[in-house]
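Proteins come first, then strands; the chains are lettered A, B, ... in the order of their sequence lines, and each starts at number 1.
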Amino acid sequence: MELTCIVCPRGCTINYDVENGEAINITGNACPRGKAYTEAEIKAPTRMVTSTVPIRGAHCHQLPVITSAPIPKGSIFEVMEEIHNTSIEAPVKMGQVIIENVAGTGIQILAARSLNKES
Amino acid sequence: MRKVTCVIIGGGSAGLAAAIELKKNGIDDLLVLEKGPEVGGILNQCIHNGFGLHEFKEELSGPAYAERFALQAEELGIPIECNTTVTAFYPDKSIEVSNKNGYEVIQADAVVLAMGCQERTSGQIQIPGMRPQGVYTAGTAQRYVNIDGYQIGKRCFILGSGDIGLIMARRMTLEGAKVLGVAELMPYSNGLQRNIVQCLKDYDIPLYLSHTVTNIEGYPRLQKVTISEVDENRQPIKGSEKVFEVDTLLLSVGLVPDNTLTVEAGISLDARTRGIEVNEYCESIMPGVFAAGNVLHVHDLVDYVTAEGRKAGRGAVRYLKGELPERNGFVTKAGNGISYVLPQRVDYPSEDESVEFSFRVRSPYKNASIVVKNGNEEVKRIKKLALLPAEMEKVILPKEVLTTIHDELVIEVEEA
Ligand SMILES: Cc1cc2nc3c(=O)[nH]c(=O)nc-3n(C[C@H](O)[C@H](O)[C@H](O)COP(=O)(O)OP(=O)(O)OC[C@H]3O[C@@H](n4cnc5c(N)ncnc54)[C@H](O)[C@@H]3O)c2cc1C
Ligand code: SF4
């Protein structure tokens, strides 16, 4: 079987077989991350999620946010629902935790940038 | 009149990288002019991750990448003036700006152009039908959603498979909209393969290759979009129409370097890149005028923009210190299968250890070779499993090769 590695912009085409729910005979990956990605993709695919939450008191209206680690693909919409129910007040520092343990994944939602309080 | 040694027009990735390079090399009398309320440029609205793999060996979101460079500029004490628009610049390197204090003229010894790019708009592509509300360029939609926090629509179709369109397909889906499909005129996508996978396939959004929008209906708000398959001459095929009931159409039909100022200054553009012609220091025909980033040619990776900004900065440093010798080099040429090569000239072939050339192929290739020639004589050959127009390619030539080229350097694709 074949998939495109999405770990970096190079986008290698990776060939593999599946045995007992695991990827084997992985070829075509230009680096080891491609192998790890293929294995995870067959067993338990994950994705980083980025979005925004409304912010008050900053020069713009939205604060970009990002998951602290990739989350299970199946939890993306649950995670989005929690993000949609969140808002925040400036100031915010890049990396600050905005949501703890989002949708029970054990993963955090972090501020992807700093935003100062505007007077 | 204010005098500044080096003025950088635009505070995006390219402008910041150039400014940092200048400052680090002892040019303290600098000024970055930015029309927006903050530096960072387009990255501030690119909230997805995928930035910085080369620069930081990690994947950052656009705003985070921008913030790292903004911080570095701040720590170095680089003067930046935001909410300041350059309205004109002249071949004598005088620059007219408009800001909250009104109008001012600044005289510079060197200028780095880093104004970024603009989106092609619906006016520049022809779609028959009405012009209802709900039709946006993908980048404008991205700004509305990610910075202003507007909801732009509930049912959406996207024309063009450029990266911004793909990224917006996912973004709209996560925001709760239904994206019914993406139509691409060409038989291949113009976006990165990884974006097809993680933005379309992940959410079961169909990609209609060799299709275009042939009608839009609805007033005052968009109600229906019709797409048709196209033949090999890109003409719609009768009877292949599909109709989608949507309230939003996003156009992701390409980016063009923003060279309004440049053209008004009387510097002509390369018809292929729509940016100025430069040498290996990103320096234009006019000594002391440099350009980097999307204003020079449209990039898909910000890391390359940063690297190009540094290169322009390095060129400006050498120019200002009077270190550049007389120009005596060769021109480059896009050969068979290549749409453009940058730089267009190498003016100082014996100055640096090596020079990097960037180029794009015209159409997709599998198992082809990139061949570099000194006139007719082959100097380098690189085998490639796949080549795509969406992905910028690079080749580096060492000084030993550069100094043997006297006429022109040709880069071309050879099929196996
Ligand atoms: C929507 C989009 C998505 C992208 N996604 C990715 C990605 O996933 N990964 C990746 O690596 N790269 C991505 N890129 C590519 C990369 O991020 C950009 O090419 C890069 O950030 C461009 O930097 P720049 O400095 O050339 O231009 P910009 O960031 O556009 O900066 C130009 C600046 O100049 C200012 N300016 C313009 N005219 C004037 C004037 N007259 N006076 C004063 N200031 C002026 C503008 O306000 C702006 O701040 C994306 C690009 C776009 C457009
Ligand atoms: S295999 Fe490695 S080089 Fe290839 S796309 Fe994946 S991460 Fe990038």
Non-hydrogen atoms of [X] and [Y] that approach each other most closely:
| X | Y | result |
| --- | --- | --- |
| Thr173(B) | Phe77(A) | O-CE2, 3.8 Å |
| Thr52(A) | Arg171(B) | OG1-NH2, 3.0 Å |
| Glu175(B) | Ser51(A) | OE2-OG, 3.5 Å |

Checklist entry - Among Ile66(A), Val7(A), Ile76(A), which has the most heavy-atom pairs under 4.5 Å with chain B? => result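 Of the candidates given, the most pairs with chain B belong to Val7(A).
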Checklist entry - Among Cys5(A), Pro64(A), Cys8(A), Ala111(A), who wins on heavy-atom pairs under 4.5 Å with chain B? => result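 Highest number of pairs under 4.5 Å: Cys8(A).
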Next on the checklist: Does anything in residues 14-48 of chain A reach chain B? List residues with heavy atoms under 4.5 Å apart, or say none.
Outcome noted: Arg33(A), Arg47(A), Met48(A)
Sequence neighbours excluded and cut-off under 3.5 Å, please list the side-chain donor-acceptor pairs for residues 358-365 of chain B, or say none.
| unit_1 | atom_1 | unit_2 | atom_2 | d |
| --- | --- | --- | --- | --- |
| Ser358(B) | OG | Lys394(B) | NZ | 3.2 |
| Arg360(B) | NE | Tyr340(B) | OH | 3.3 |
| Arg360(B) | NH1 | Asp300(B) | OD2 | 2.9 |
| Arg360(B) | NH1 | Pro389(B) | O | 3.1 |
| Arg360(B) | NH1 | Ala390(B) | O | 3.2 |
| Arg360(B) | NH2 | Val298(B) | O | 2.8 |
| Arg360(B) | NH2 | Asp300(B) | OD2 | 2.9 |

Item to check | Which atoms of Thr13(A) approach chain B - backbone, side chain, both or neither, heavy atom under 4.5 Å | outcome: neither
Checklist entry - Between the side chain of Gln193(B) and the main-chain N/O of Cys12(A), is any donor-acceptor distance below 3.5 Å? => result no
Checklist entry - Arg194(B) side chain to Thr4(A) main-chain N or O, any donor-acceptor pair under 3.5 Å? => result no
Does [X] have more than 12 heavy atoms from other residues, nucleotides or ligands lying within 6.0 Å of its [atom1]?
| X | atom1 | value |
| --- | --- | --- |
| Glu81(A) | CD | no |
| Lys117(A) | NZ | yes |
| Glu415(B) | CD | no |

Checklist outcome for this item: The reported gap from OG1 in Thr50(A) to CZ in Arg170(B) (rounded to nearest 0.5 angstrom) is 5.5 Å
Next on the checklist: If I measure from the heavy atoms of chain A, does Leu301(B) come under 4.5 Å with its side chain, its backbone, both, or neither?
Outcome noted: side chain
Next on the checklist: Report which part of Tyr203(B) has an atom under 4.5 Å of a heavy atom belonging to chain A: side chain, backbone, both, or neither.
Outcome noted: side chain
Checklist entry - Is any side-chain heavy atom of Ile147(B) less than 4.5 Å from a side-chain heavy atom of Gln62(A)? => result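 No. Closest side-chain heavy atoms not under 4.5 Å.
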Item to check | Interface residues of residues 36-48 of chain B facing chain A - non-hydrogen atoms under 4.5 Å apart | outcome: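 Counting heavy atoms that sit under 4.5 Å from chain A, the residues of residues 36-48 of chain B involved are Pro37(B), Glu38(B), Asn44(B), Ile47(B), His48(B).
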Checklist entry - Applying a criterion of heavy atom separation less than 4.5 Å, what residues of residues 73-80 of chain B form contacts with chain A? => result none
Next on the checklist: Go through it in stages, so that I can follow the logic: the residues are Lys73(A) and Asp202(B), the test is side chain to side chain contact (heavy atoms under 4.5 Å, CB included), and I'd like the CA-CA distance, side-chain angles, deciding distance and then a yes or no.
Outcome noted: CA-CA 9 Å; Lys73(A) 214 172 147 183; Asp202(B) 272 5; 3.1 Å; yes
Checklist entry - Who wins among Ile196(B), Leu174(B), Leu192(B) for the most heavy-atom pairs under 4.5 Å with chain A? => result Leu174(B)
Checklist entry - With a 3.5 Å cut-off and no angle check, do the side chains of Arg113(A) and Ser61(B) form a donor-acceptor pair? => result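 Looking only at side-chain atoms, Ser61(B) and Arg113(A) do not form any donor-acceptor pair under 3.5 Å.
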Checklist entry - Taking it one step at a time, do Ile6(A) and Lys201(B) satisfy side chain to side chain contact (heavy atoms under 4.5 Å, CB included)? => result CA-CA 12 Å; Ile6(A) 61 167; Lys201(B) 287 198 182 140; over 6 Å; no
